Engineer: 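Here you go, one structure.
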Amino acid sequence: MGKNLYITTAIPYANAKPHIGNALDYLLADIWSRYQKQNGHAVRFQVGTDEHGNKIAAKAAELGVEPKAYTDQMYGNFQSLMNKVGAEYTDFVRTTDEHHVAAVQWIWQKLQPYIYKGTYEGWYCVGHEAFFTDKEVEATSGVCPDHQKPYERVSEENYYLRASAFTDKVREAITHNRMQIVPEFRKNEFLDLIKDGLKDVSISRPRKHLSWGVPVPNDPDQVVYVWLDALANYITVLGYPDQEGWREFWPADVQVIGKDILRFHAGIWPPMLLGLELSLPKKLLVHGFVNVGNAKMSKSVGNVVDPNEVIDQYGLDAFRYFFARHIPTQDDGDFTWEKFENAYNTELGNDLGNVVQRVASMISRYQAGVIGDAPQTEHDMKPYRDAMYALTFDIALDEVWVMVRGLNQYLETVKPWVIAKTKDTDADAASHLSEVLAQSVGTLLQIADLLVPFLPDTANKIHKIFETGIIADQQGVLFPKIHQHTPDPRTKKEA
RNA sequence: CGCGGGGUGGAGCAGCCCGGUAGCUCGGAUGGCUCAUAACCAUCAGGUCGCAGGUUCAAAUCCUGCCCCCGCAACCA
């Protein structure tokens with residue numbers, strides 16, 4: 001058995017419905033997790049929701065309920081999305097969990113040597129109850145466009161975390177990949193960002209400006225800033241600091257995040273960990289955004305794609321397939337219904353589904369469903385394994401499809417249907433045919449193994465069909481054609 | 001002069017580091033086959049490899065200048 005592994009996903013802010021970006025987090029983490037489990041490792045897989053902060057409080061007030069009551073009804077949306085994308089998570093954390101809150105306060109105490117009180121000064125809008133950057137203030141000529149009031153110069157007392165003290169250690173860890181930022185260009189971006197050193201970060205707010213959050217220990221006027229609170233989830237969910245077991249899983253092997261939150265995970269999180277005398281995570285996997293028709297997804301444009309809709313129409317495995325292979329693991333990707341449906345029909349249907357069908361069908365027809373001995377096939381798995389290790393899941397799937405194509409080409413070369421014509425009169429032909437078909441089954445079973453992390457249901461179905469040595473009854477074909485968004489070739493001919 | 005990535009046949013990409021047949025997937029055309037989900041297999045379609053120079057026997061690949069696009073730079077998944 002392998003060692004214990006730990007993977008995390010960003011915890012989304014629970015003030016909105018989950019979207020495709022969240023789904024991507026869960027999917028990538030789940031692929032990695034299933035792959036590791038397949039290879040005999042024990043994997044702990046964290047997910048959760050971030051439930052503190054002004055936006056939550058404001059939304060709750062708007063609805064006339066308590067903040068906690070509000071998040072109680074919101075977090076389930078995320079949980080159901082995780083389940084819907086098939087994420088086999090092991091731990092679900094809410095930042096309003098009692099243990100998490102207590103642990104954050106414990107962490108605050110432990111970090112005391114690196115915490116000091118300072119003054120934050122900036123442009124404040126009373127209507128927003130929030131500070132604005134110089135740039136924003138300048139762009140609006142000093143007047144808040146939403147409230148038609150001038151920004152006020154306000155200073156407030158904050159606690160600060162002395163992140164600057166850890167600049168050298170953090171930079172060194174990133175540079176030498178002890179905390180590896182994947183992909184490399186994100187690493188370089190971040191190193192450039194901190195070339196003048198890490199900045200100390202404000203980690204609290206006066207209660208009058210932030211009412212809904214973890215109270216700062218021993219200071220009733222201050223509330224813990226949400227990022228410190230949120231980042232801590234990765235260890236509190238393991239039971240840190242008081243429950244047994246967390247040491248077996250920390251440091252995390254992979255932390256999956258979106259590109260927008262890299263600087264918190266590379267600039268605040270490591271100083272926190274170092275202050276707590278904990279190891280840094282081994283890898284940060286930074287994925288990009290999903291565009292729709294090359295445009296940014298946004299509610300106002302109305303081009304938001306709901307992952308639930310995709311899954312409901314095409315099935316879970318089709319969803320996982322497209323977002324794993326056609327949205328590059330480490331960069332932005334593009335979704336359109338046409339692209340999706342094309343990939344579904346051609347790659348899943350014509351390539352994979354069809355080749356499974358044709359092999360199964362030949363065995364049923366020529367050998368009454370008896371497979372014979374499926375030999376261990378000897379395809380080169382290294383490119384696939386390398387891609388998985390490099391966290392380029394899209395490339396790994398490319399490799400699987402090389403095998404799928406290869407099998408179709410193999411069949412075309414040996415022509416089992418030709419051999420079958422003489423098998424009744426030629427004993428050699430019969431055994432040759434059996435050998436060829438068994439060989440094909442061997443390849444399909446291997447393909448199924450490689451698909452386990454990506455298309456668990458499909459992999460399982462393929463196994464079911466062939467594993468007993470006799471072709472099982474098939475419940476229809478694997479990926480039946482769907483033409484909702486693309487022309488149907490069967491009707492096109494008539495035109 | 002902020003840092004970085006990129007401009008390759010209709011679309012999306014690889015190749016460039018280690019110069020010398022321009023490759024892959026999808027789409028299109030033709031042919032083959034009939035085991036299969038109107039599928040599969042083969043071949044072809046001939047693209048100034050952003051522009052202009054330079055180095056070289058030879059450059060998509062190295063050097064210089066220019067044009068254009070994008071990411072980060074700013075608490076946008």
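In what follows, every chain begins at residue 1, and chains take the letters A, B, ... in the order their sequences are listed. All values derive from a computational prediction rather than experimental measurement.
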Engineer: Before we go on, tell me: are the rings of A/Trp417 and A/Tyr366 under 6.0 Å apart, centre to centre?
Structural biologist: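 No - the distance between ring centres of A/Trp417 and A/Tyr366 does not fall below the 6.0 Å cut-off.
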Engineer: Kindly indicate, with the supporting measurements, whether the criterion ring-ring contact (aromatic ring centres under 6.0 Å, His included) is fulfilled by A/Tyr160 and A/Tyr120.
Structural biologist: CA-CA 10 Å; A/Tyr160 281 80; A/Tyr120 180 84; 7.3 Å; no
Engineer: Rounded to whole Å, how long is the line connecting atom CG of A/Asn291 with atom C1' of B/G71?
Structural biologist: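 Rounded to whole Å, this separation is 12 Å.
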Engineer: Salt bridge or not for A/Glu157 and A/Lys208, using N-O below 4.0 Å?
Structural biologist: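 Answer for the salt bridge query: no.
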Engineer: Using the P atoms only, state how far B/G20 lies from B/C49, rounded to an integer number of Å.
Structural biologist: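 Straight-line distance between the two P atoms is 16 Å.
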Engineer: Across the strands shown, which category fits A/Lys259 at heavy-atom distances under 4.0 angstrom: base, sugar-phosphate, nothing?
Structural biologist: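 Sugar-phosphate, no base atom in range.
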Engineer: Reading RNA chain B from 5' onward, which residue's closest nucleotide shows up sooner: A/Glu189 or A/Gly258?
Structural biologist: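 Upstream on the strand: A/Glu189.
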Engineer: With C1' as the reference atom in both, quote the distance from B/A60 to B/C17 in angstrom, rounded to an integer.
Structural biologist: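 14 Å, rounded to whole Å.
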Engineer: Report the distance from atom CG of A/Asp488 to atom P of B/U37, rounded to the nearest whole Å.
Structural biologist: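 Rounded to whole Å, this separation is 15 Å.
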Engineer: Using a heavy-atom cut-off of under 4.0 Å over every strand shown, decide if A/Trp227 touches base, sugar-phosphate, or nothing.
Structural biologist: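 Result for A/Trp227 = base.
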Engineer: Could you tell me how far apart A/Phe264 (CZ) and B/C76 (P) are, to the nearest whole angstrom?
Structural biologist: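 Distance, rounded to whole Å: 6 Å.
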Engineer: Counting only Watson-Crick pairs (N1-N3 plus N6-O4 or O6-N4) and G-U wobbles (N1-O2, O6-N3), all under 3.5 Å, who is the partner of B/C72?
Structural biologist: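 The answer is B/G2, by the H-bond criterion.
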Engineer: How many Å lie between CD on A/Gln330 and C1' on B/G6, as a whole number?
Structural biologist: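 So the CD-C1' distance, A/Gln330 to B/G6, works out to 17 Å.
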Engineer: Where the side chain of A/Leu193 is defined as all heavy atoms beyond and including C-beta, which of B/C40, B/A73, B/A42 is the nearest nucleotide?
Structural biologist: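 Looking only at side-chain atoms, A/Leu193 lies closest to B/A73.
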Engineer: I want to check a possible cation-pi pair here: A/Arg94 against A/Tyr75, using under 6.0 Å from ring centre and within 45° of the ring axis as the test.
Structural biologist: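 Because its charged atom sits under 6.0 Å from the ring centre and within 45° of the axis, A/Arg94 does stack over A/Tyr75.
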Engineer: C1' atom, B/G47 versus B/C13: distance in rounded Å?
Structural biologist: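 Comparing C1' positions in B/G47 and B/C13 gives a spacing of 15 Å.
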Engineer: Rounded to the nearest angstrom, tell me the gap between atom CG in A/Asn350 and atom P in B/C41.
Structural biologist: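 Checked: the CG to P distance equals 9 Å.
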Engineer: What is the distance, to the nearest angstrom, from the NZ atom on A/Lys339 to the C1' atom on B/A11?
Structural biologist: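 Value for this atom pair: 8 Å.
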Engineer: Could you measure between the two P atoms, the one in B/G23 and the one in B/U48, and give it in whole Å?
Structural biologist: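 The same atom, P, in both gives a distance of 15 Å.
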Engineer: Rounding to an integer number of angstrom, what distance separates B/A14 and B/U8 when you compare their P atoms?
Structural biologist: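 Roughly 11 Å separates the two P atoms.
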Engineer: Quick one: closest heavy-atom pair of A/Ser202 and A/Asn158, and the distance?
Structural biologist: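 Where A/Ser202 meets A/Asn158 most closely, the heavy atoms are OG-OD1, 2.8 Å.
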Engineer: Using the ring of each side chain (for Trp, its six-membered ring), is A/Phe335 parallel, tilted or perpendicular to A/Phe340, with breaks at 30° and 60°?
Structural biologist: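 The rings of A/Phe335 and A/Phe340 sit tilted, inter-plane angle from 30° to 60°.
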Engineer: Sticking with atom P, work out how far B/U64 lies from B/G5, rounded to a whole angstrom.
Structural biologist: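 After rounding to an integer number of Å, I get 14 Å for this pair.
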Engineer: Taking 4.0 angstrom as the limit, do A/Lys259 and A/Asp331 come out as a salt bridge?
Structural biologist: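 A/Asp331 and A/Lys259: not salt-bridged.
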Engineer: Taking the minimum atom-to-atom distance to the side chain of A/Leu478, which one of B/C40, B/U37, B/A42 wins?
Structural biologist: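 My answer, after comparing the listed nucleotides, is B/U37.
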Engineer: Nearest to the side chain of A/Arg263 - B/A73, B/U37, B/C35?
Structural biologist: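 Output: B/A73.
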Engineer: Mind calculating the distance between CD (A/Gln409) and C1' (B/C24) to the nearest angstrom?
Structural biologist: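 After rounding, the gap between these two atoms is 13 Å.
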Engineer: For RNA chain B, whose closest nucleotide is more 5', that of A/Arg205 or that of A/Gly349?
Structural biologist: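 Whichever sits nearer the 5' end wins; that is A/Gly349.
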Engineer: Measure from the side-chain heavy atoms of A/Met362 and tell me the nearest of B/G27, B/U37, B/C35.
Structural biologist: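 Nucleotide nearest to A/Met362's side chain: B/C35.
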Engineer: Nearest to the side chain of A/Arg405 - B/C35, B/U25, B/C40?
Structural biologist: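 Of the options given, the side chain of A/Arg405 lies nearest B/U25.
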Engineer: Using purine N1 to pyrimidine N3 plus N6-O4 or O6-N4 for Watson-Crick, or N1-O2 and O6-N3 for G-U wobble, both under 3.5 Å, which nucleotide pairs with B/A29?
Structural biologist: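 Pairing partner, where one exists within any strand: B/U43.
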Engineer: Select one nucleotide: of B/G2, B/C35, B/U37, the one nearest the side-chain heavy atoms of A/Phe479.
Structural biologist: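 Shortest atom-to-atom distance from the side chain points to B/U37.
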Engineer: What integer number of Å spans the C1' atoms of B/A52 and B/C68?
Structural biologist: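 After rounding to an integer number of Å, I get 15 Å for this pair.
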Engineer: Side chain of A/Arg365: nearest nucleotide among B/U25, B/G71, B/C35?
Structural biologist: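 Among B/U25, B/G71, B/C35, the one nearest the side chain of A/Arg365 is B/C35.
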Engineer: When you check the phosphate oxygens OP1 and OP2 of B/G12, does a side-chain N or O of A/Arg325 lie under 4.0 Å from one of them?
Structural biologist: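 Checking B/G12 against A/Arg325, no side-chain N or O comes under 4.0 Å of OP1 or OP2.
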Engineer: Between B/U37, B/C41, B/U34, which nucleotide has the shortest distance from any of its atoms to the side chain of A/Trp417?
Structural biologist: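 Side chain of A/Trp417 sits closest to B/U34.
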Engineer: I want to verify a distance call: between B/C35, B/C41, B/U25, whose nearest atom is closest to the A/Asn408 side chain?
Structural biologist: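 The listed nucleotide nearest to A/Asn408's side chain is B/C41.
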Engineer: On a whole-Å scale, what distance lies between the C1' atoms belonging to B/U30 and B/C66?
Structural biologist: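 Comparing C1' positions in B/U30 and B/C66 gives a spacing of 45 Å.
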